[in-house]
Amino acid sequence: MTTVRIAAFTLLAMIAFAGNSILCRIALKETGIDAASFTSIRLISGALVLWAITALLCRDRAGRGNWLSAFALFAYAAAFSFAYISLTAATGALLLFGAVQATMIGHGLWTGERLHGQQIVGLILGLGGLAGLLLPGLSAPPLIGSVLMLVAGVAWGVYSIRGKGTGDPTRVTSGNFLRASLFTVLLSVLAISDYNPDLAGVGYAVASGAIASGLGYAIWYSVVPALKATNAATIQLSVPVIAALGGIVILGESVTLRFVLASLAILGGIALVILRKPGKNTEHVSPLSTITRQD
């Protein structure tokens, strides 16, 4: 794969991942679809696209996913959708990214990794940015939505941490999406009183699942082998920024000084941690690169 193609595919993948935040926020803000229906349609459409891709393109038959990973994926998707009932696209993406990285860094420390110098400063800076964003005040994001997005980030972090097996990553993700889709049946039953399959909302959910998730993951997996783990992790710092720009341009969202300062602290802090990670341990802070090896 040429350098230009790697760069183009990487950019497309980052736009797709940021697009999930924008599509979900548009659907829940500007259409009548409920969060449970959005989650179900997103996971099911993503599962169908990933199944088609694996059936047509994947030669490696190893890897099927598993129920624990699927539940973590479902928990992420459900909390993500309900959080965006009240959060802006930019704030949601920043909270999600911060929680994912905090979970994975915490797991690394729990399993015996050690942070040194610059990394410790980065961790303190990142956690301080999260705390500053969530402190009560006129510009603080809604508490319930913030908590739900943090839960989504932890779930995605757990899903990523479990990505240490072998097998084709697209096939494994397809299996996990298929299993996670079954959990959405229970969610839909529990939320039946709010059921509202708004046509426009359904379209946004399908786009989120089929394009931003299904195709996005497939594109990302095709370029990850050509990227160093540190580079893969660092590139992901662009996702909250892209989501913020999309929120401003597409949704007309405003960005507060609190958000800007928190973003600089969180993303800058994470960058300090990632850029000093020694070789093999870098994957612990790369939520999208580690997911490529689910067992």
Side-chain angles (χ1 to χ4, degrees), residues 16-17 19-29 31-55 63-87 92-93 96 99-100 144-145 147-160 162-163 169-218 287-288 291 294:
F17 296 141
N20 273 317
S21 292
I22 297 169
L23 289 167
C24 186
R25 180 56 177 161
I26 291 176
L28 296 175
K29 178 184 178 182
T31 78
I33 194 171
D34 59 287
S37 295
F38 185 94
T39 302
S40 298
I41 295 170
R42 177 189 176 189
L43 288 176
I44 293 170
S45 58
L48 291 174
V49 168
L50 286 166
W51 174 82
I53 290 173
T54 56
R64 298 180 179 179
N66 57 77
W67 287 104
L68 286 177
S69 293
F71 182 76
L73 175 61
F74 163 74
Y76 147 74
F80 179 92
S81 298
F82 281 92
Y84 267 126
I85 293 175
S86 58
L87 295 180
L96 177 71
V100 170
I144 294 178
V147 171
L148 285 171
M149 191 59 80
L150 292 176
V151 169
V154 171
W156 186 255
V158 170
Y159 183 66
S160 300
R162 291 182 54 80
T170 306
R171 181 174 297 280
V172 170
T173 304
S174 174
N176 286 328
F177 261 78
L178 286 170
R179 289 174 173 83
S181 296
L182 298 180
F183 289 117
T184 64
V185 175
L186 177 59
L187 175 65
S188 297
V189 171
L190 293 175
I192 191 66
S193 61
D194 296 322
Y195 180 68
N196 185 22
D198 177 276
L199 183 59
V202 169
Y204 286 121
V206 170
S208 177
I211 300 174
S213 295
L215 288 179
Y217 295 150
L288 294 177
I291 198 176
Q294 290 265 338

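On a predicted model such as this, the values are computed, not experimentally measured, just so you know. For this chain, numbers begin at 1 and follow the sequence in order.
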Let me confirm one number: the [atom1]-[atom2] distance from [X] to [Y], rounded to the nearest 0.5 Å.
X      : Y     : atom1 : atom2 : result
Leu28  : Leu23 : CG    : CG    : 11.0 Å
Leu178 : Leu43 : CG    : CG    : 10.5 Å
Ser86  : Lys29 : OG    : NZ    : 12.5 Å
Ile144 : Phe82 : CD1   : CZ    : 12.5 Å

Identify the two heavy atoms, one from [X] and one from [Y], that lie closest to each other, and give their separation to 0.1 Å.
X      : Y      : value
Thr31  : Gly201 : OG1-CA, 3.4 Å
Asp34  : Ser37  : OD1-OG, 2.7 Å
Thr184 : Ser40  : CB-OG, 3.2 Å
Ser69  : Arg162 : OG-NE, 2.8 Å
Gly65  : Asn176 : CA-OD1, 3.3 Å
Phe38  : Cys24  : CZ-CA, 3.5 Å

Exercise. Decide side-chain contact (heavy atoms from CB on, under 4.5 Å) for Leu73 and Trp156; before the verdict, give the C-alpha distance in whole Å, the side-chain angles of both, and the deciding distance to 0.1 Å.
Key: CA-CA 6 Å; Leu73 175 61; Trp156 186 255; 3.7 Å; yes
Do [X] and [Y] come within less than 4.5 Å of each other through their side chains, counting heavy atoms only?
X      : Y      : value
Ile33  : Tyr204 : no
Thr170 : Tyr217 : no
Ser174 : Ile53  : no
Val100 : Tyr159 : no

Exercise. Start with the C-alpha distance between Leu96 and Tyr76, add both sets of side-chain angles, then the distance that settles side-chain contact (heavy atoms from CB on, under 4.5 Å), and finish with yes or no.
Key: CA-CA 10 Å; Leu96 177 71; Tyr76 147 74; 4.1 Å; yes
Practice problem: Would you indicate whether Leu190, at its atom CG, is surrounded by more than 12 heavy atoms from other residues, nucleotides or ligands within a distance under 6.0 Å? | Solution: yes
Quiz item: Which of parallel (below 30°), tilted (30 to 60°) and perpendicular (above 60°) describes Phe183 and Trp67?
Solution: perpendicular
Self-check item: Geometric class of the Phe80/Tyr84 ring pair [parallel <30°, tilted 30-60°, perpendicular >60°]
Solution: perpendicular
Quiz item: Under 3.5 Å, is there a donor-acceptor pair linking the side chains of Arg42 and Ser81?
Solution: no
